[in-house]
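To start, the structure under review is shown below, and the notes come after it.
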Amino acid sequence: MNHETAQQSAHCKTTSAAFDRLRLALVILLTVFTAELMLGFHGAFLRVGGLSVRYLLFALTFAALYGGALVLILREKRPLFRGEQSVKGAFDRLDLALFILLFATAVWMLAIPVLKGTDVRLAIKEAMCMLVLTLAFPLKLFFTFGKLSFAKAENLVLILTIALGAAHILLYVGASVRPTFVESVFRAVLRVFGNTGVMPAIVSGHGYLRVIFPCSVLLFLGFYFFFAHIAAPRIRDYAVLITSFIAMLFTVTKALWLGSMAAGGFFFCLLLADAIRRKVWKHVIRFVCVVLCLLLIAVLLNATLCHGILAIRMRNTFRLSGTPSDHPDDSTTTQKDPLEELDEQGAVISNMTRMEQVKHLLDKWKTSPLIGYGYGSYVEHYLRSTTAKYSYEMTTFAMLMKLGVLGCIFWVVYGVLLAVQAFRKRGMLGGGALCALFGAFFLALNTNPYLFNFIGMGLLLFLHLSASVPSKEECP
């Protein structure tokens, strides 16, 4: 009897050690994948055998997570469907909404394009990035069963957000000293990895410096982490906020600025409501003081490193036509600063282009308002990209054209459920911080194609898990 017990004990220890090694491998793989997603710029910076490292890491992460989830289910010996302790009990209605959204994506990626004559290859190319969201299901199991720590995952994302902000700041300051600095840095990194990757595009403004990449949208996370810990901010929360704010200024991108301002305004309203309800005003005072400090930083940077372009860009945000000063023959006008004139002209062109784009997208949507034309579709006589014909800056209008009213309903329902569950799981301030992040992202993607790529879906995955993963007290 003792011999059998000893054998069973040895077997349990061996099994436990094997699972610990599997969990360690998962942690390393998830860390590397997350780091590449947040710091890998456009995703093709590093390649192996002609294939993007990002795609390779995703394939490995996908296989490891689903394989590990199967091992976890067998090891835990939990029932599949019955009871709160079951595998089914680990998921909630937000997970169900995500599953339905992914199923609808498959329909609008494969069936609708065939029905409407859209190129299925383009549909797959556009929507395939949504596979990132499928990682939510095995991750939810690991987090809910306590085999991985979501708090540690959040800390990793926070540290990487600080690194992302610092990289933007370094590149901007370096380029201010030497115009070719950004290109030199990228070429040096590419040489280290054998020149197999593709250098990220360097966006040049109308006579001014910009440091903006697809991953720049992740700078919104800096605001989220500070908002989420407004009750007792840690040093790292202040650090991630300040680095993200400065980096966002250096992108010289109005969509990111407006998104962050809207997020701040929304969260401030929640703080006021919470303060009135609880009669505790210290969070409001802290928030106002921090905002004033950030505004001071913006004013100082505008007057020094940015040479006034921050104020110029904000003044021209919604400009749709020139001003009388555009006519130098008019003796009653004064001569404008050349930089302001250039940006004004660029803003007019950009805003008018977006308005024209909306018109074309709506015109095509009207010909198939219910189901649209499927992912990968585009307006035949109006392309914004030759390499990705389906890509448009006005993402919501493009989605309406592609998915129709019926397809967009799935997205709307998912977004509403995400917001509701964020407040239910995280409380007023924690849920408000998540909704502020979601709102900032939504506003930014309305004028830029930030959603349908691995980075956009990665941010949506973070939002989903933050609103869905139970606290330690709720874990079965």
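Just so you know, these numbers use all the heavy atoms, side chains as well, and skip hydrogens, waters and symmetry mates. Numbering of residues begins at 1 and proceeds along the displayed sequence.
Side-chain contact between Gln421 and Arg93 is present, with heavy atoms from C-beta onward closer than 4.5 Å. Side-chain contact between Phe397 and Trp365 is absent, with no heavy atoms from C-beta onward closer than 4.5 Å.
The environment of CG in Leu74 is crowded: more than 12 heavy-atom neighbours from other residues, nucleotides or ligands sit within 6.0 Å.
In terms of modelled atom types and a separation under 3.5 Å, the side chain of Thr180 and the main chain of Glu183 share no donor-acceptor contact. Using modelled atom types, no side-chain atom of Thr118 and backbone atom of Gly376 make a donor-acceptor pair closer than 3.5 Å. Side-chain atoms of Thr243 come within 3.5 Å of backbone N or O of Val240 as a donor-acceptor pair. Checking side-chain atoms of Thr253 against main-chain N and O of Leu256 turns up no donor-acceptor pair under 3.5 Å. Looking only at distances, a side-chain donor or acceptor of Arg426 sits under 3.5 Å from a matching main-chain atom of Ser466. Checking side-chain atoms of Thr395 against main-chain N and O of Asn448 turns up a donor-acceptor pair under 3.5 Å. Side-chain atoms of Trp108 come within 3.5 Å of backbone atoms of Ile371 as a donor-acceptor pair (strictly under, hydrogens ignored). Distance alone, capped at 3.5 Å, places no donor-acceptor pair between the Lys147 side chain and the Arg23 backbone. A donor-acceptor contact shorter than 3.5 Å links the side chain of Ser260 to the backbone of Trp257.
The two residues Val132 and Phe58 have their closest heavy-atom pair at CA-CE1, 3.8 Å. When all heavy atoms are compared, the tightest approach of Phe41 to Pro214 is O-CB, 4.2 Å. In plain terms, the two heavy atoms of Gly222 and Ser244 that are nearest each other are CA-OG, 3.3 Å. Looking at every heavy atom in both residues, Asp95 comes nearest to Phe137 through O-CE2, 3.6 Å.
Judged as a side-chain hydrogen bond (donor to acceptor under 3.5 Å, both in side chains), the pairs with a partner in residues 26-45 (not counting sequence neighbours) are, in order, Glu36-Arg54.
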Yes or no on side-chain hydrogen bond (donor to acceptor under 3.5 Å, both in side chains) for Arg354 and Gln357, after CA distance, side-chain angles and deciding distance?
CA-CA 5 Å; Arg354 281 168 169 76; Gln357 186 178 133; over 6 Å; no

Please evaluate residues Lys116 and Ser368 with respect to the criterion side-chain hydrogen bond (donor to acceptor under 3.5 Å, both in side chains), reporting the C-alpha separation (whole Å), side-chain torsions for both, the decisive distance (0.1 Å), and the verdict.
CA-CA 9 Å; Lys116 290 292 185 177; Ser368 181; 3.1 Å; yes

Tell me, with the steps shown, if Phe462 and Tyr224 meet ring pair (Phe, Tyr, Trp, His ring centres under 6.0 Å).
CA-CA 11 Å; Phe462 177 82; Tyr224 161 74; 5.7 Å; yes

Derivation and outcome, side chain to side chain contact (heavy atoms under 4.5 Å, CB included), residues Tyr375 and Leu403
CA-CA 7 Å; Tyr375 286 108; Leu403 308 181; 3.6 Å; yes

Show your reasoning for whether ring pair (Phe, Tyr, Trp, His ring centres under 6.0 Å) applies to Tyr392 and Tyr378.
CA-CA 9 Å; Tyr392 292 95; Tyr378 54 90; 8.0 Å; no

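Taking the six-membered ring where the residue is Trp, His229 and Phe225 present parallel rings, their angle staying beneath 30° rather than reaching 60°. Ring orientation note: the planes of Phe287 and Phe227 are tilted relative to one another, at an angle of 30° to 60°. Using cut-offs of 30° and 60° for the angle between ring planes, the Phe186 and Phe213 rings count as perpendicular.
Taking the centre and axis of the six-membered ring of Tyr373, the NZ or CZ atom of Lys364 falls inside the cone set by 45° and 6.0 Å.
For the 3.5 Å distance criterion, the side chains of Ser216 and His168 qualify, holding a donor opposite an acceptor.
Taking Phe423 as the reference, nothing meets the ring pair (Phe, Tyr, Trp, His ring centres under 6.0 Å) condition, with sequence neighbours excluded.
The pair Asp119-Lys125 does not meet the salt-bridge criterion, since no charged nitrogen lies less than 4.0 angstrom from a carboxylate oxygen.
Under the ring-ring contact (aromatic ring centres under 6.0 Å, His included) rule, Tyr238 has a single partner from Phe226, Phe223, Phe245, which is Phe226. Of the residues Arg121, Lys389, Lys402, the one that meets the salt bridge (Lys or Arg N to Asp or Glu O under 4.0 Å) test with Glu126 is Lys402.
Ring to ring, Phe266 and Phe442 are not that close: their centroids are 6.0 angstrom or more apart.
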